[in-house]
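Numbering of residues begins at 1 and proceeds along the displayed sequence. Here the structure is a predicted model, which is why all the values come from computation and not from measurement.
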Amino acid sequence: TGADAATLLAADGGSVVLTNNTVDNPGYKTTTSFSSGGPRNPDSAPKPDVIAPGLSVLSAGIGTGTGPLVDSGTSMACPMTAGIAALVKQLHPSWNGLQIKAAIMNTADSSLNTGYNVRRAGAGVVQAQKATNSSVLATTSDQLDSIAFGYVPGSGAHSAQKSFTLTNLGSSAAIYHLDVATNGSQQGAVVGVSPSTVTIAPGSTETVQVSLSIPESAFAALPSDDTFSIGPGGVLTVRGDIVATPDASDTPDDQTLVVPYLVVPRGLSNVTAGVPAAWTKSNSPSGKGFASTLPLTNSGIHDGTADLYAWGIHDANDSNAPMDVRDVGVQVQPGANFG
């Protein structure tokens with residue numbers, strides 16, 4: 001107000017004593033309930049790449065003069081990340097967009113996110129100082145800068161190999177020790193990294209291999225992907241981070257680097273119906289009717305659900321139009337599980 005402004009002007013040249021205080025904000029480090037999570041469509045790759053503060057952020061209110069705007073969502077998180085990108089570009093004017101993205105992702109900090117989940121937080125919370133100080137970048141050929149094993153439906157043992165590249169843009173050699181930091185249950189899958197230690201000369205690159213192994217027993221033990229098993233909108237993922245830690249002899253500019261990985265496994269069932277038995281007529285006191293039996297078998301390795309329907313009508317002249325009805329029936333509830 002005018003009175004406050006006058007008081008401040010009158011105090012010009014004086015002194016003031018400031019006392020620090022702690023503001024309780026227990027939800028600050030959590031991921032907001034409305035924040036989207038991966039895997040992305042259509043290749044089940046990890047997304048998002050990183051996260052940034054985006055809930056109830058105070059910013060400049062357009063059209064308000066000097067008034068503020070409190071807003072939430074990517075409208076707040078994206079500008080913060082873009083600002084870090086601008087700082088990295090200012091310090092490294094020759095870097096392209098892919099290198100800037102890698103610096104931001106590699107140096108994100110998952111420890112700042114309570115309940116960290118790779119599926120919803122990517123590599124973690126963006127860190128401006130670490131991103132600008134980075135001189136070694138971890139990148140992938142698909143430009144994701146994360147290890148995307150993708151959707152893996154399995155009825156037997158499965159293995160896969162991915163890789164990422166460490167590029168030293170600094171003026172001295174960098175030594176990194178590599179390890180796998182799992183995030184949540186691995187559901188029987190095993191992710192490995194090789195080599196465990198790598199030395200990158202200035203201006204050079206080294207390739208790191210990341211392996212995935214899922215035994216048949218792990219596919220068979222997966223929970224059902226039914227809504228009632230994993231929850232509405234839920235998806236089963238195996239996730240974690242490949243962490244590259246600089247050797248103690250390295251320069252301070254060599255940051256700890258993180259490359260997330262994500263797998264979307266699913267055990268396959270194969271429920272088939274055999275030949276129904278002959279119909280039998282019933283004249284019991286409870287009512288007259290006909291009955292038969294239908295054998296169901298599952299040759300897959302995973303439990304399957306058989307939904308039973310009473311087939312009503314069929315449109316023989318199906319036009320494949322979006323609103324054309326092909327078949328109409330009545331589902332029998334509940335269905336049955338077949339191992």
Side-chain donor-acceptor pairs of residues 42-57 under 3.5 Å, sequence neighbours excluded:
residue, atom, partner, partner atom, Å
Asp43, OD1, Arg40, NE, 2.9
Asp43, OD1, Ala45, N, 3.2
Asp43, OD2, Arg40, NE, 3.4
Asp43, OD2, Arg40, NH2, 2.9
Lys47, NZ, Asp49, OD1, 3.1
Lys47, NZ, Asp49, OD2, 3.0

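- Checking side-chain atoms of Asn96 against main-chain N and O of Gln99 turns up a donor-acceptor pair under 3.5 Å.
- The ring-ring contact (aromatic ring centres under 6.0 Å, His included) pairs that include a residue from residues 147-169 number zero, where partners must be two or more places apart or lie in different chains.
- Residues passing the side-chain contact (heavy atoms from CB on, under 4.5 Å) test with Pro276 are Ser292, Leu294, sequence neighbours excluded.
- Within the structure, no pair that satisfies the ring-ring contact (aromatic ring centres under 6.0 Å, His included) test touches residues 252-282, not counting sequence neighbours.
- Under the salt bridge (charged side-chain N to carboxylate O under 4.0 Å, His left out) criterion, Arg119 pairs with no residue at all, not counting sequence neighbours.
- Cluster note: Leu144 groups with no other residue, as no ILVMFWY side-chain heavy atom lies under 4.5 Å from it.
- Among pairs with a residue in residues 91-144, those fulfilling ring-ring contact (aromatic ring centres under 6.0 Å, His included) read His92-Trp95, at least two apart in sequence or across chains.
- Ser36 is linked by a side chain to side chain donor-acceptor pair (under 3.5 Å) to nothing, counting only residues two or more places apart in sequence or in another chain.
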Side-chain donor/acceptor pairs under 3.5 Å, residues 60-70, sequence neighbours excluded:
residue, atom, partner, partner atom, Å
Thr64, OG1, Gly61, O, 2.5
Thr64, OG1, Gly67, N, 3.1
Thr64, OG1, Gly67, O, 2.9

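- Sequence neighbours left out, not one pair with a member in residues 71-81 passes side-chain hydrogen bond (donor to acceptor under 3.5 Å, both in side chains).
- Shown here are the side-chain contact (heavy atoms from CB on, under 4.5 Å) partners of Thr280, two or more places apart in sequence or in another chain: Ala291.
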Give every donor-acceptor pair under 3.5 Å between a side-chain atom in residues 194-217 and any protein atom, sequence neighbours left out.
residue, atom, partner, partner atom, Å
Thr197, OG1, His177, ND1, 3.1

